[in-house]
Peer 1: 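A single structure is presented below for examination.
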Amino acid sequence: MEHKGTVTLETPRLILRRLTLADAEPMYRNWASDPGVTKFLTWPTHSSVEVTKQILALWASHYEELNYYQWGIVVKDENALIGTIAAVKTDDEIEAAEIGYCIGQNWWHKGYTSEALGAVIHFLFDEVGLNRIAARHDVNNSHSGGVMKKCGMQFEGIMREGAKNNGGLCDIANYAILKKDRA
């Protein structure tokens with residue numbers, strides 16, 4: 001296993017890249033200020049662009065760490081920053097990562113999230129050398145589970161009241177894919 005940090009990744013429709021303070025306005029406008037986007041997330045809806053700037057500054061301060069993975073998702077055709085995808089947890093001992101993602105409502109149901117997740121899975125398995133990649137979602141957010149399934153992740157069970165998000169305690173559906181699961 002060899003951590004590489006947040007390097008730019010490209011898919012047919014997307015660029016996954018590091019975020020900067022210059023991304024504060026589109027991040028705030030496109031998803032971070034939208035309660036519809038943050039409904040099932042563990043972080044609160046941003047109350048101002050200043051909150052977004054603070055988050056971006058924190059993320060930027062970690063980009064030199066090789067085991068830090070936090071990408072902005074950019075749609076090439078629109079040159080629009082539409083969301084984020086990150087390894088929210090890594091575990092070197094078992095060569096694993098947990099992925100979290102969100103995108104703005106204007107880009108839902110267009111395959112962008114699964115395209116981004118597929119690229120991150122490929123990168124973490126083939127470039128970094130991880131063995132297991134997991135993700136989880138509030139059971140009331142079935143579309144997120146659909147993204148995981150589309151990327152080959154297998155359902156591993158539900159943790160009853162296993163997390164707390166903006167709606168309070170929630171049941172969590174767990175998914176994962178192992179390197180050997182890929183065709």
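For clarity, every value in this text was computed on a predicted model and none was experimentally measured. Positions are given from 1 along the sequence.
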Peer 1: If we ignore angles and hydrogens, is there a donor and acceptor under 3.5 Å between the side chains of H46 and T52?
Peer 2: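 Judged by distance alone, the side chains do pair up.
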
Peer 1: Would you please name every residue forming a side chain to side chain contact (heavy atoms under 4.5 Å, CB included) with E2, sequence neighbours left out?
Peer 2: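 Side chain to side chain contact (heavy atoms under 4.5 Å, CB included) list for E2, sorted by chain: K4.
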
Peer 1: L130 and F125: which non-hydrogen atoms are nearest, and at how many Å?
Peer 2: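 Minimum heavy-atom separation between L130 and F125: O-CD2, 3.1 Å.
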
Peer 1: Tell me, with the steps shown, if Q105 and W31 meet side chain to side chain donor-acceptor pair (under 3.5 Å).
Peer 2: CA-CA 7 Å; Q105 288 194 60; W31 74 91; over 6 Å; no

Peer 1: Centroid-to-centroid, H137 to H143, below 6.0 Å?
Peer 2: no

Peer 1: Partners of E25 by salt bridge (Lys or Arg N to Asp or Glu O under 4.0 Å), sequence neighbours excluded?
Peer 2: R29

Peer 1: Of all residues at least two apart in sequence or in a different chain, which pass the salt bridge (Lys or Arg N to Asp or Glu O under 4.0 Å) check with E98?
Peer 2: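 K89, R136.
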
Peer 1: What I'd like to find out is whether the side chain of I99 reaches to under 4.5 Å of the side chain of Y101, using heavy atoms alone.
Peer 2: yes

Peer 1: Under a 4.5 Å cut-off applied to non-hydrogen side-chain atoms, are I177 and R182 in contact?
Peer 2: yes

Peer 1: In chain order, what residues pass the side chain to side chain contact (heavy atoms under 4.5 Å, CB included) check against L178, with sequence neighbours excluded?
Peer 2: N131, R132, K180, D181

Peer 1: Any non-hydrogen side-chain atom of Q70 less than 4.5 Å from a side-chain atom of H62?
Peer 2: no

Peer 1: How about L117 and I85: do any of their side-chain heavy atoms sit closer than 4.5 Å?
Peer 2: yes

Peer 1: Let me see the working for D23 and R18 under salt bridge (charged side-chain N to carboxylate O under 4.0 Å, His left out), right down to the final yes or no.
Peer 2: CA-CA 10 Å; D23 294 316; R18 291 181 177 195; over 6 Å; no

Peer 1: Taking C-beta and beyond as the side chain, do L19 and Y63 meet within less than 4.5 Å on heavy atoms?
Peer 2: yes

Peer 1: For N166 and W43, work out which heavy atoms get closest and say how close.
Peer 2: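 For N166 versus W43, the nearest heavy atoms are ND2-O, 2.8 Å.
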
Peer 1: Clusters formed by hydrophobic residues whose side-chain heavy atoms approach within less than 4.5 Å: which one holds V49, and what are its other members?
Peer 2: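 For the cluster that includes V49, the remaining residues are Y28.
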
Peer 1: Find out whether L124 and Y69 are in side-chain contact, i.e. whether some heavy atom of one side chain is under 4.5 Å from a heavy atom of the other.
Peer 2: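 Touching, per the 4.5 Å side-chain cut-off.
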
Peer 1: Keeping Y112 on the side-chain end and G83 on the backbone end, is there a donor-acceptor pair under 3.5 Å?
Peer 2: no

Peer 1: Are any of the side-chain heavy atoms of D34 and T45 separated by less than 4.5 Å?
Peer 2: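 No, side chains not in contact.
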
Peer 1: Could you check E95 against K179 for salt bridge (charged side-chain N to carboxylate O under 4.0 Å, His left out), going step by step and ending with a plain yes or no?
Peer 2: CA-CA 10 Å; E95 299 175 342; K179 193 171 191 173; over 6 Å; no

Peer 1: Verify the neighbour count for atom NZ of K164: are there more than 12 heavy atoms of other residues, nucleotides or ligands below 6.0 Å?
Peer 2: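 At most 12 heavy atoms, drawn from other residues, nucleotides or ligands, come within 6.0 Å of this atom.
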
Peer 1: Indicate yes or no: at least one non-hydrogen side-chain atom of K76 is less than 4.5 angstrom from one of L14.
Peer 2: no

Peer 1: Using the side chain to side chain contact (heavy atoms under 4.5 Å, CB included) criterion, which residues pair with A135? Sequence neighbours excluded.
Peer 2: M148, M153

